[in-house]
Amino acid sequence: MTLLTEDKPRGFPKPGSRTTAVEPHSVSNMSKGACEHGRGSGMPPEPPRRTRGQLIMHAMVMFGREFCYAVEAAFVTPVLLSVGLPRSLYSLVWLISPLLGFTLQPVIGSASDYCRSSWGRRRPYILSLGIMMMMGITMFLNGDAVITALMPSRGVRKIWAIVLVMIGVVLFDFAADFIDGPVKAYLFDVCSYKDKEKGLHYHALFTGLGGACGYLTGAMDWGHSALGALLGSEYQVIYFFSALTWTFFLTLHLFSIPEMPLCKQLVSDPFGLATPLLDTDGTAYGTTTPKEPPPLPELRPRAFSALNEANSITSSVNREVQKRMTLKSLLSAMVNMPSHYRCLCISHLLGWTAFLCNMLFFTDFMGQIVYKGNPYAAHNSTAYTTYERGVEMGCWGLCINAVSSALYSYVQRLLLPCIGLKGLYFLGYFAFGLGTSLIGLFPNIISTLTLCGAFGVMSSTLYTIPFNLITEYHKEEENQRRQGNHDPSVLGRGTGVDCAAITCMVQLAQIIVGAGLGALVNLAGSVVVVVLSASTMSLIGCLFIALFIKCVD
């Protein structure tokens, strides 16, 4: 592991001079020239270029996260139905976690901007959420077996099995959704602009590969294998692979790139010129505007170098005193965010609502509609066996989706110069909307598996394009600040706030899906309404992107 390099104290300038400071970043293996530039320019040095190995190790956490997510997406509905949860309630299990997440995600995401751990700002949160993910998947996949072994009474056993499995699903889903924000903010903090782009592409690649491996594991018939006989059942085998994968790749991620602790950042920036702030009266998004700001010592002015102009995407210019966030001020800041960030949040909400409508119930759709099985039949009946075969085939379809996502992450790089970020955003939503509508209208095995490739286009789009747009927006704002024609309402945002504002839309989408989809299925009397709802929301998202998403040159 590399050592952190600390900047020397900066000198005071001549009276009347003016300076510009940018947000500090982690420093590792800094070249001599870059260090001298940081000392002479009166600003913290920019992050160094990261090696490909460091970026790959950093992105490996997405492989483990998506592997476990794939296991949950493939088996959550079958597991809940098999332990006896009524059909009218099975979508409501998604409500508890996103309700907590939508409330706390921005707070935790922005609070990580202030974490003073010696290990850095983001990694303590990532480790804590990773442990919660492990606890959740343990209860989710082993809850029924544990309750069966501990409780002889069948009636009591059913109730406790439902409760334990639901707690596991909620805990896992809560932590898996939360962890995305700190992971993205960690990448933004420690990487230069070019490395951020590479890092996001590696994230998309390993997201697809992790999902493919997770769905492939779920598609195997482990119950009749030697490993299944050794561990007890199919679910225990899948849990073994999930726990091993998540532990290994989370460890790689945590030791991939060192972070500079906030206390050292404050030493290198003793006047708080570059700390992420938040408005306490809601007048500006992410800034603090005290009534009487104290005078700050000015530093020697220096022109930005070409390296700084290229790499200072997440930097901010602040001349006010740092003020710690509260829930009220944070929510106020999110309500008053710039319009292009608000539109990006809305489009992300539409996309995730469409994606979750389809993905969370796709294996159930395959089992009931395509294979015409019955999850409520006796476990030794033909109808239930047929349903299980449909669930396994649904895992193969989701594996196709994950492979498609990994491949499309590289196709995006070829298409980007031709159609731009906005065009890629629109294309992802349109391909998903068209694919799901055809699956709903023609529910047979061949066409359904073929069109699963469209799911991967949407997955890769949701995991990369919004965050790429954030970096482009920050870059544009930084250029405007240098030219002196910036908008005061966008000064001083921490990257944790921006990432949290985007990722909390996932929780809101789960709330919408959990509250409405179960009632919609009961009203329609068929699970086919799930894919048709996904198609409708995606096509609405296409229209919204075309009309309201800001185009970045």
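Computed from heavy atoms alone, side chains included, the values below leave out hydrogens, waters and symmetry copies.
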Minimum heavy-atom distance between [X] and [Y], given as atom pair plus value:
X	Y	result
L254	Y186	O-OH, 4.2 Å
C68	I137	CB-CD1, 4.0 Å
S347	I549	OG-CD1, 3.5 Å
W246	V61	CZ3-O, 3.6 Å
K196	F188	CE-O, 3.2 Å
S437	L532	O-CD2, 4.3 Å

So does [Y] get a backbone contact from the side chain of [X], meaning a donor-acceptor N/O pair under 3.5 Å?
X	Y	result
T436	G433	yes
S409	A406	yes
S535	V531	no
S459	F455	no
S533	V529	yes
R342	M337	yes
S256	Q54	no
N142	T138	yes
T471	N468	yes

Report task. Go through I439 and N358 one step at a time and tell me if the side chain to side chain contact (heavy atoms under 4.5 Å, CB included) criterion holds. Result -> CA-CA 10 Å; I439 287 174; N358 183 70; 5.6 Å; no

Requested in this report: Evaluate ring-ring contact (aromatic ring centres under 6.0 Å, His included) for F249 paired with F67, printing each intermediate quantity in order.
Outcome: CA-CA 10 Å; F249 288 119; F67 186 99; 8.7 Å; no

Decide yes or no for [X] and [Y]: does some side-chain heavy atom of the first lie under 4.5 Å from some side-chain heavy atom of the second?
X	Y	value
F432	T461	no
M359	N401	yes
Y429	I545	yes
V411	V457	no
K550	L469	no
H201	K198	no
F442	L451	no
Y408	L424	yes

Parallel, tilted or perpendicular: rings of [Y] and [X] (30°, 60°):
X	Y	result
F426	F430	parallel
W222	F241	tilted
F206	F63	perpendicular

Query - Test side chain to side chain contact (heavy atoms under 4.5 Å, CB included) applied to E197 and E472, step by step - result: CA-CA 10 Å; E197 287 187 330; E472 292 296 335; 4.0 Å; yes

Query raised in the report: F362 and W396: ring-ring contact (aromatic ring centres under 6.0 Å, His included), yes or no, with the steps?
Result: CA-CA 11 Å; F362 182 72; W396 284 107; over 10 Å; no

**Report entry** Over 12 non-hydrogen atoms of neighbours within 6.0 angstrom of CD1 in I446
**Finding:** no

Output the distance between atom [atom1] ([X]) and atom [atom2] ([Y]), rounded to the nearest 0.5 Å.
X	Y	atom1	atom2	value
L517	L356	CG	CG	10.0 Å
Q510	D173	CD	CG	4.0 Å
S526	Q368	OG	CD	8.0 Å
I502	K184	CD1	NZ	11.5 Å
Y463	M62	OH	CE	6.0 Å
R122	H253	CZ	NE2	11.5 Å

Query raised in the report: Passes ring-ring contact (aromatic ring centres under 6.0 Å, His included), Y235 versus Y239? Steps please.
Result: CA-CA 6 Å; Y235 291 151; Y239 169 72; over 10 Å; no

Requested in this report: Apply ring-ring contact (aromatic ring centres under 6.0 Å, His included) to F544 and F548, showing your working.
Outcome: CA-CA 6 Å; F544 187 89; F548 298 107; 4.9 Å; yes

Query raised in the report: Quick one: salt bridge (charged side-chain N to carboxylate O under 4.0 Å, His left out) pairs with a partner in residues 422-444, sequence neighbours left out?
Result: none

Report task. Could you walk me through whether M366 and V391 pass side chain to side chain contact (heavy atoms under 4.5 Å, CB included), step by step? Result -> CA-CA 6 Å; M366 288 289 289; V391 170; over 6 Å; no

Query raised in the report: When you look at L250 and M134, which way does the side chain to side chain contact (heavy atoms under 4.5 Å, CB included) test go after all the steps?
Result: CA-CA 11 Å; L250 177 64; M134 180 64 71; over 6 Å; no

Query raised in the report: Partners of K372 by salt bridge (charged side-chain N to carboxylate O under 4.0 Å, His left out), sequence neighbours excluded?
Result: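 Here no residue qualifies.
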
Query - Option among R49, R52, R50 that satisfies the salt bridge (Lys or Arg N to Asp or Glu O under 4.0 Å) test with D195 - result: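 Going through R49, R52, R50 one by one, the salt bridge (Lys or Arg N to Asp or Glu O under 4.0 Å) with D195 is satisfied by R49 alone.
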
